[in-house]
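Have a look at the structure below, then the notes.
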Amino acid sequence: MHPNATVLLHPDFRTGTIDRRLFGSFVEHLGRAVYTGIYEPEHATADEHGFRRDVADLTRELGVTMVRYPGGNFVSNYVWEDGVGPVEERKPFIDLAWRTVEPNLVGTDEFLQWAEREGIEPMMAVNLGTRGVAAAAALVEYCNGVAGSRWADLRIANGREEPYGVRLWCLGNEMDGPWQIGHKDAHEYGKLAAEAGKAMKLVDPSIELVVCGSSSMQMETFGEWEQTVLSYTYDLVDHISMHAYYEELDGDRASFLGSATGMDRFIRRVVASADAVGARKRSDKQITISFDEWNVWYLESRFPGETNLPLQHQPARIIEDVYSGLDAVVLGDLMVTLLNHADRVPVACLAQLVNVIAPIMTEPGGPAWKQPTFHPFAATARLAQGDVLDVRVQTPTITTTRHGDVPAVTAAVTWAGERESGELGVFLVNRTAEPVEVELRHPGVALTLGGGVEVTADHEPAVHGPEHAAQIEAEHVATLDAAPVTASAPGTTTVRLAPESWTALSGTATLT
Ligand SMILES: O=[N+]([O-])c1ccc(O[C@@H]2O[C@@H](CO)[C@H](O)[C@H]2O)cc1
């Protein structure tokens, strides 16, 4: 059979090395992400610190390397000092972002110590909505300072001698969004971010800074925002943030399946905006991207609308989206795009980790389980190692309403090892409703594919609960003991992809 698509690869052609922070996630004080998510002292599996062991174990299995905290929209009205010190003296406050009473039982120390115990790198955000330079610099000192100064000594008095050494810091969150508490225009925010970032780096010069980019590519200020903000902060910051959520709208399945092409274009545009500022400055520095919120999120149809939220107490069920096999295929494809931008995207966070638009769900006092989207994330975090190869994909296109013409087949290939031999990760997506044959062309390379994971899309709406998730897993997530190879010859290996599917395969390769 004639192949429908070809993927040309060679270890001499590489896009970049995968930064392990690409497999980050996000825990916000929003809904049940913290309370009855990662933290539930009354739960049967809770450890001595009150954190759920079952959730931590699933987090490990998911392969999450880094977690962003404490927000999100929440951070823009958060007073971090209220969340440290003796728990019995902490006072609740009304979080204005999600109109939920925050009990302050979990704060900076509890989170950072949880992350440390679980072997997860923390990524912290400072409040540039209702607060500013002093509070941001104080938090860096609280986390990373050594004995002998006010905020570091407060941490020590609170029982933590060793600095946490938090490396990655967000200068606020989505400051371009009118919904943000303390929302600012690009000039106001750019100036504040530059001053806050300057102070934070004076406290600890080893930190990396993320300046806020746009909340989505649909924002009216997109492009202009990036350039203005970077004009104030280019020499100071390391990364600019991107946020994007995708959903199936009006039953437009083709556009939804093409979401990762939308993400690809978004990344290219932000890179172009950042590089334009660099060019004007005649700078050799390159700003990289922190894609610190990405996921499938049924914003349009299921999001209650931030301004009309009723005031809630914990546990508060907010945006607990339920995912389908189709969502899992799209999520896997979004990871293909992230991998293919490994040269400019070192940091990414699946938003979020547990209960809130999340791969892991829980019931208070009950089980924790995997949503379908868990599987492509976990398989990619496991199989994508080393470098991303600069592959050439030839594929027919599909015409979509939202993204125009998009590739029918997408691919990413990773190579861990020397030039002469390596371990491969092969990630392939078939966005069409028919099976396709994909010919891997690997001239001069002997390649043996092994097993992996295949996720196929479904047509049923997802239903909440562990039983339904287990049923989708049984029907739409397959562990492959062997690759679906249909033909092979020296220099070519053909695999067959199921309709509307995401496939990840392991492999080994040596130069011949
Ligand atoms: O497109 N929108 O309407 C939209 C609305 C809210 C929004 O908030 C972001 O997503 C929330 C959930 O991860 C985070 O707290 C925040 O940073 C992100 C996008």
Side-chain angles (χ1 to χ4, degrees), residues 1-7 246-264 296 322-337 339 371-380 383 391 393-413 425-440 449 451-463 468-469 471-488 493-505:
M1 182 185 169
H2 191 67
N4 305 93
T6 63
V7 178
Y246 299 93
E247 65 187 305
E248 184 178 355
L249 285 168
D250 308 320
D252 182 357
R253 196 173 174 97
S255 291
F256 182 48
L257 279 160
S259 294
T261 299
M263 180 193 245
D264 177 72
V296 173
V322 179
Y323 293 114
S324 65
L326 173 62
D327 298 327
V329 170
V330 170
L331 184 138
D333 199 9
L334 293 170
M335 296 192 86
V336 168
T337 291
L339 285 173
Q371 294 232 48
T373 50
F374 185 100
H375 305 284
F377 188 100
T380 306
L383 291 171
V391 294
V393 181
Q394 287 192 342
T395 166
T397 54
I398 303 168
T399 301
T400 69
T401 322
R402 276 165 78 195
H403 314 291
D405 288 347
V406 304
V409 170
T410 66
V413 179
V426 179
F427 305 88
L428 298 165
V429 180
N430 174 11
R431 293 166 166 177
T432 75
E434 304 297 326
V436 298
E437 301 272 333
V438 179
E439 185 178 277
L440 302 178
L449 291 178
V453 178
E454 180 197 66
V455 181
T456 51
D458 46 18
H459 287 267
E460 303 303 317
V463 178
H468 187 75
Q471 188 191 330
I472 297 180
E473 186 175 327
E475 291 171 12
H476 293 280
V477 182
T479 301
L480 305 176
D481 296 327
V485 174
T486 54
S488 68
T493 306
T494 304
V495 294
R496 189 180 166 88
L497 304 181
E500 296 182 339
S501 67
W502 174 91
T503 305
L505 301 169

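These values consider heavy atoms only, across backbone and side chains, with no hydrogens, waters or symmetry-generated copies.
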Residues Arg431, Asp333; criterion salt bridge (charged side-chain N to carboxylate O under 4.0 Å, His left out); working and verdict: CA-CA 9 Å; Arg431 293 166 166 177; Asp333 199 9; 2.8 Å; yes

Gln471/Val463 under side-chain contact (heavy atoms from CB on, under 4.5 Å): CA gap, chis, key distance, verdict: CA-CA 10 Å; Gln471 188 191 330; Val463 178; over 6 Å; no

Atom pair CG/CG of Asp458 and Leu326 - distance to nearest 0.5 Å: 6.5 Å

Ile398 to Ala408 - nearest heavy-atom pair and separation: CD1-CA, 3.8 Å

Test side-chain contact (heavy atoms from CB on, under 4.5 Å) applied to Val453 and Val477, Thr380, Leu480, the passing residue: Val477

Any side-chain donor near an acceptor of the partner, Asp327 and Ser324, under 3.5 Å: yes

Which atom of Phe256 lies closest to which atom of Glu248, heavy atoms considered: CD1-N, 3.4 Å

Where Arg253 and Glu500 come nearest, the two heavy atoms and their spacing: NH2-OE1, 2.6 Å

Spatial distance of atom CH2 (Trp502) from atom CG (Leu331) [nearest 0.5 Å]: 9.0 Å

Least distance between heavy atoms, Ser501 atom then Val329 atom: C-CG1, 4.0 Å

Test side-chain hydrogen bond (donor to acceptor under 3.5 Å, both in side chains) applied to Thr395 - qualifying residues, sequence neighbours left out: none

Exercise: identify the closest heavy-atom pair between Ala328 and Pro372: CB-O, 3.5 Å

pair Asn4-Glu434: side-chain heavy atoms closer than 4.5 Å: no

Single hit among Val393, Val336, Asp264, Val7 for side-chain contact (heavy atoms from CB on, under 4.5 Å) with Thr410: Val336

Expected output: side-chain Thr486 to main-chain Arg496 donor-acceptor under 3.5 Å: no

Results of side-chain hydrogen bond (donor to acceptor under 3.5 Å, both in side chains) for Thr373 - residues two or more places apart only: none

From Thr494 atom OG1 to Leu440 atom CG, the distance as rounded to the nearest 0.5 Å: 7.5 Å

Gap between atom OH of Tyr246 and atom CZ of Arg402 - 0.5 Å precision: 9.0 Å

Partners meeting salt bridge (Lys or Arg N to Asp or Glu O under 4.0 Å) with Glu454 (sequence neighbours left out): none

Ser255 to Thr400 - nearest heavy-atom pair and separation: OG-CB, 3.6 Å

Asn430 and its side-chain contact (heavy atoms from CB on, under 4.5 Å) partner, picked from Thr456, Val436, Leu257: Val436

CD-OG1 distance between Gln394 and Thr6, expressed to the nearest 0.5 angstrom: 4.0 Å

Side-chain touch Pro461/Val322, heavy atoms, less than 4.5 angstrom: no

Euclidean distance, Asp252 CG relative to Thr401 OG1, rounded to 0.5 Å: 4.0 Å

